[in-house]
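Report on the following structure.
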Amino acid sequence: MCEVEDGDYVDLGKKEKRERLGRTCMKCKEGAAVLIIRVGDAFCKSCFKDYFVHKFRAMLGKNRVVYPGEKVLLAYSGGPSSSAMIQQVQEGLGRDTPKKLRFVPGILFIDEGAACGQSWEQREQNVSEMQQVLRKTNFPFHIVPLEQVFSLPRSVLQSALPVNPKRAENYKQAVDRFLGQQRAHREDELSGTADGLAQLRVTGYEGGNVSGYSRPPTQLTSALTDMLRSARTLTAKLELLQSLRSHLILHVARTCGYSKVMSGESCTRLAVRLLANISLGRGAFLPLDTGFSDDRYGDVVIVRPMREYSLKEISFYNRLFNVQTVFIPTMETKAPENSSIQHLSESFITKLQADFPSTVSTVYRTSEKLNISRTEFAEENVHQERCLLCMCNLDTGVGEAASAFCATQVSQHLSQKSLRNNAVATSDPDQQCCNRGECYERSPSCSSSVPRTQDFMPLLCYSCRVTVKDVTSLSALPPYVMQEAEHRSRRVEMRREIQEFLLDEGC
Ligand SMILES: *[C@@H]1O[C@H](CO)[C@@H](O)[C@H](O)[C@H]1NC(C)=O
Ligand SMILES: *[C@@H]1O[C@H](CO)[C@@H](O)[C@H](O)[C@H]1NC(C)=O
Ligand SMILES: *[C@@H]1O[C@H](CO)[C@@H](O)[C@H](O)[C@H]1NC(C)=O
Ligand SMILES: *[C@@H]1O[C@H](CO)[C@@H](O)[C@H](O)[C@H]1NC(C)=O
Ligand SMILES: [Zn+2]
Ligand SMILES: [Zn+2]
């Protein structure tokens, strides 16, 4: 439970320090200690490695969600934590022990260069650096530009039935069923009846031996920068990016047949995100957002196997065992600390850690104590209303009592009113409001498929509404979001229309 408290880590890397302390490893009683964790537990290099590797294996073992032979996508950023994660998977698959990991990994790196204003030359250079590192893993890899969110299909935003719908079955039954499904699927493929999904490819950027990373179409790059420009605050930009990035990961996982995604957040990172997410109004989703496994998409499950390592512990491991990391700038790394809620949370946690080392794990452990009544996935509630952006169950059906929620709605209402008044004053109001993506009053001349703000907002959870409120133009959002919004609001409208023809349940 992230019990390694950062402040208690002592590096005995310097020779004179080691001699001064004269410690031997408390585990094997032989090796010279290279570091001390917790109060006085001195570890030698090899025992530290055992401890680190064991923790990873134990995390997967305890939770029992990954099946033998299952395709698992490792989300990689180049940073210390996801680099250590890949290293652990390599260790685990390579070992010839009964505890050998048995899943089939692939790696995904998303090139977000366009979001932080890198030139194509810089991105190309970063990507080729990345390719060199990834090639050494011998795992298949995918490098996908973030721009690709502007060509995603609407279906990304639909939850699907889980591969493993029955929570009640035990691990062995689940594995047996998984293997049965795999076999059936392979037979389908052999007889040529496999459906389209398995054969879909992520266009052009499939890794492995492809050395040319082709430049995404410039109109997609400018669509991305326009979207970010239309977000008024850095907080909103980062939230938007977070949502779109997860949709892209989900899309790659689905089209390439991965049913699990491993995400490498350390407990330090999770504590930061936890605090940020609470501040952003995502309290209702904390268990899903920070837990070991996250099944909000249904068919693809996100797992976080690094959540019990602190960043310090990971840096130690990487340094001692020469794990290569790749520094790629992102929007998060560039801004000053007081520029967004996310950055503020980060600097708060960092300072807290320096002065009160054990608080970080306390923050993090608090999240473990939270439960929501998770909706069990079943045929009948797959179509339950989910937030269009973060895909969590809508938390907005709370009535008048939730004051923050009401306040947003009221101010939303007022700003729409003033927009309407302004629009009336212009010469061609319909045209203008459509171009700005604020067609609150659809008229026949509005041919654009941008939904009205008042139709769009109800499709979002509280937190995403707050984010979208800071986006000046809905039409800047990627087309698949708009199309799915259109689709959902049309469905709501249709349901309302046929309501009067339906018989009451009670009759
Ligand atoms: C990526 O590009 C940035 C400049 O935009 C540079 O600072 C960084 O070192 C590069 N990283 C790699 C691994 O090439
Ligand atoms: C914060 O919220 C985002 C969704 O916007 C989610 O993807 C992320 O996992 C959350 N992180 C934590 C630590 O709560
Ligand atoms: C952000 O911090 C910098 C220095 O740390 C300071 O100069 C600046 O005024 C701060 N901005 C705001 C909006 O507080
Ligand atoms: C939370 O979940 C744990 C285990 O899943 C359970 O024992 C506990 O009763 C739950 N707490 C609440 C308040 O539902
Ligand atoms: Zn030892
Ligand atoms: Zn949401």
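Numbering of ligands and ligand atoms starts at 1, following listing order.
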- Query: What are the two closest non-hydrogen atoms of E129 and V326, and how far apart are they?
  - Reply: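 Heavy atoms only, the tightest pair is CG-CG1, 4.3 Å.
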
Hey, is the main chain of [Y] close enough, under 3.5 Å, to the side chain of [X] for a donor-acceptor pair?
X	Y	result
R254	S259	no
S81	G264	yes
T235	I341	yes

Atoms of ligand 2 close to [X] [distance to a heavy atom under 4.0 angstrom, numbered from 1]:
X	value
L274	13 (C)
E239	5 (O)
L270	13 (C)

- Message: Counting the benzene-type ring for Trp, do F316 and F52 have ring centres under 6.0 Å apart?
- Response: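 No, ring centres 6.0 Å or more apart.
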
- Message: Determine whether the aromatic ring centres of residues Y258 and H142 are separated by less than 6.0 angstrom.
- Response: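 Ring-ring flag for H142/Y258: true, centres closer than 6.0 Å.
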
Could you tell me whether [X] and ligand 2 have an N or O pair separated by under 3.5 Å?
X	result
N277	yes
R282	yes
Q242	yes

- Looking at S463, C461, S246, which one forms a side chain to side chain contact (heavy atoms under 4.5 Å, CB included) with C390?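 Answer after filtering S463, C461, S246: C461.
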
Look at [X] together with [Y] and state whether they make a salt bridge at an N to O cut-off of under 4.0 Å.
X	Y	answer
R57	E91	no
E147	R245	no
R491	E484	no
D470	K237	no

- Kindly indicate, with the supporting measurements, whether the criterion salt bridge (charged side-chain N to carboxylate O under 4.0 Å, His left out) is fulfilled by R273 and E265. CA-CA 10 Å; R273 288 294 302 165; E265 293 113 331; over 6 Å; no

- Item | Polar side chain donor-acceptor pair, S473 to S475, under 3.5 angstrom |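 A donor-acceptor contact under 3.5 Å links the two side chains.
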
- Message: Once you restrict to heavy atoms under 4.0 Å, what part of R304 touches ligand 2? Side chain, backbone, both or neither.
- Response: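 Side chain only.
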
- Task: Using 2.8 Å as the cut-off, count the protein N, O or S atoms closer than that to the Zn ion (ligand 6).
- Result: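 Under the 2.8 Å cut-off, the count stands at 4.
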
- Message: Taking non-hydrogen atoms within less than 4.0 Å of ligand 1, which protein residues qualify?
- Response: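 Lining ligand 1: Q118, Q122, N126, E129, V326, F327, P329.
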
